[in-house]
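Following: one structure in C-alpha cells, then a few remarks.
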Amino acid sequence: MKNWMFILLCLIGYQATAQGLIFQTSEGAIKGYDPVAYFTQSKPVKGKKEFSVSWQGATWYFSTAQNRDLFKSTPGKYAPQYGGYCAYGVSRNYKVKIEPEAWTIYEGKLYLNYDLDVSKDWNEDKPGYIKKANANWVTLKDKK
C-alpha cells in the first residue's frame, strides 16, 4: 500500500475512534474480540458479555470463562500491543482503528492492524516496525 494512502486512512480512522490508552468501540476493547483466543485458538473470536473484565479503563470481552480468567491472571501476556491500536499505524506515529481479522502473534505478543492490506505491509518488516512503534508509543499512548 502506498504510504500516502495509509496516511489518509489513518487520518480518517483517527477521527472515527475514541482516543485513549486502549482502542475501544461501543462493542468494547478491540471491538469486543477475545484477546486470549488469538493465542489459544489461533483466530479472532468474538467475546461474550457474560465473560467480561474491566482493565486499563476498557471493558474486555472473552469467549469463555477460562479465557477471561487467563487474562485476569496475566493481562500483559494477552493484551494486544499498543493498546490494541493498529501496530503499523503506531510505527508511523498514528493511533488508528483495527480490524480483528488483521492480526499477528510475533515473539509471543499480539499485534493488530488496520486491515488485511496493512497487515501485508506490516509482515514485510515486523522487527523494524516494532522498533519504530515501541519508540513512538512512549509519547503516543497518552495522546487523545
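Computed from heavy atoms alone, side chains included, the values below leave out hydrogens, waters and symmetry copies.
For L112 against G84, the heavy-atom pair with the smallest separation is CD1-O, 4.0 Å. Shown here for V90 and N136, the closest heavy-atom pair between the two residues is O-ND2, 2.8 Å. In this structure, P44 and P100 approach most closely via the heavy-atom pair CB-O, 3.6 Å. In this structure, P35 and I30 approach most closely via the heavy-atom pair CB-CD1, 4.0 Å. Between K141 and L21, the shortest heavy-atom distance links the atoms CB-CD1, 3.9 Å. Taking every heavy atom of both residues into account, V118 and C86 meet most closely at CG1-SG, 4.1 Å.
Residue Q41 qualifies as enclosed at atom CD: its count of foreign heavy atoms under 6.0 Å is above 12. Around NZ of K126, the count of heavy atoms belonging to other residues, nucleotides or ligands within 6.0 Å exceeds 12. Applying the 6.0 Å contact sphere to NZ of K132 captures no more than 12 heavy atoms from other residues, nucleotides or ligands.
Within the model, atoms OG1 of T64 and CG of D34 stand 6.5 Å from one another, a figure rounded to the nearest 0.5 Å. Atom OG of S63 sits about 7.0 Å away from atom NZ of K48, to the nearest 0.5 Å. Residue Q24 holds its CD atom at 11.0 Å from CD of Q56, rounded to the nearest 0.5 Å. To the nearest 0.5 angstrom, Y61 atom OH is 5.0 Å from K49 atom NZ. One finds the CH2 atom of W103 at 5.0 Å from the CD1 atom of I105 (value rounded to the nearest 0.5 Å). We find the OG-NZ distance between S26 and K31 to be 10.0 Å, quoted to the nearest 0.5 Å.
The closest donor-acceptor contact from the side chain of N113 to the backbone of Y88 lies under 3.5 Å. A donor-acceptor distance shorter than 3.5 angstrom exists from the side chain of T25 to the backbone of E27, with no hydrogens or angles considered.
The side-chain heavy atoms of L110 and F39, taken from C-beta on, include a pair separated by under 4.5 Å. Residues T40 and N67 are in side-chain contact: their nearest non-hydrogen atoms beyond the backbone lie under 4.5 Å apart. At least one side-chain heavy atom of I130 sits under 4.5 Å from a side-chain heavy atom of Y111.
Paired with F62 under the rule ring pair (Phe, Tyr, Trp, His ring centres under 6.0 Å), one option of Y33, F71, F51, W55 passes, and it is F71.
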Y38 vs V45, side-chain contact (heavy atoms from CB on, under 4.5 Å): CA-CA, chis, key distance, verdict: CA-CA 8 Å; Y38 289 99; V45 177; over 6 Å; no

Could you please spell out the steps behind the side-chain contact (heavy atoms from CB on, under 4.5 Å) verdict for K95 and W137? CA-CA 9 Å; K95 283 167 102 174; W137 189 243; 4.2 Å; yes

Between V53 and T59, is the side-chain contact (heavy atoms from CB on, under 4.5 Å) condition met? List the steps. CA-CA 6 Å; V53 170; T59 302; over 6 Å; no

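Between E99 and K97 a salt bridge is recorded (basic side-chain N to carboxylate O distance below 4.0 Å). Between E101 and K43 no salt bridge is recorded (no basic side-chain N to carboxylate O distance below 4.0 Å).
Partners of D125 under the side-chain contact (heavy atoms from CB on, under 4.5 Å) rule, at least two apart in sequence or in another chain, are P127, Y129.
Using the six-membered ring where Trp is involved, Y85 and F23 have ring planes that are perpendicular, over 60° apart on the 30 and 60° scheme.
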Under 3.5 Å, which donor-acceptor pairs link side chains of residues 73-81 to any protein atom two or more places apart or in another chain?
{"residue": "S73", "atom": "OG", "partner": "D69", "partner atom": "O", "Å": "3.4"}
{"residue": "S73", "atom": "OG", "partner": "L70", "partner atom": "O", "Å": "2.9"}
{"residue": "T74", "atom": "OG1", "partner": "L70", "partner atom": "O", "Å": "3.4"}

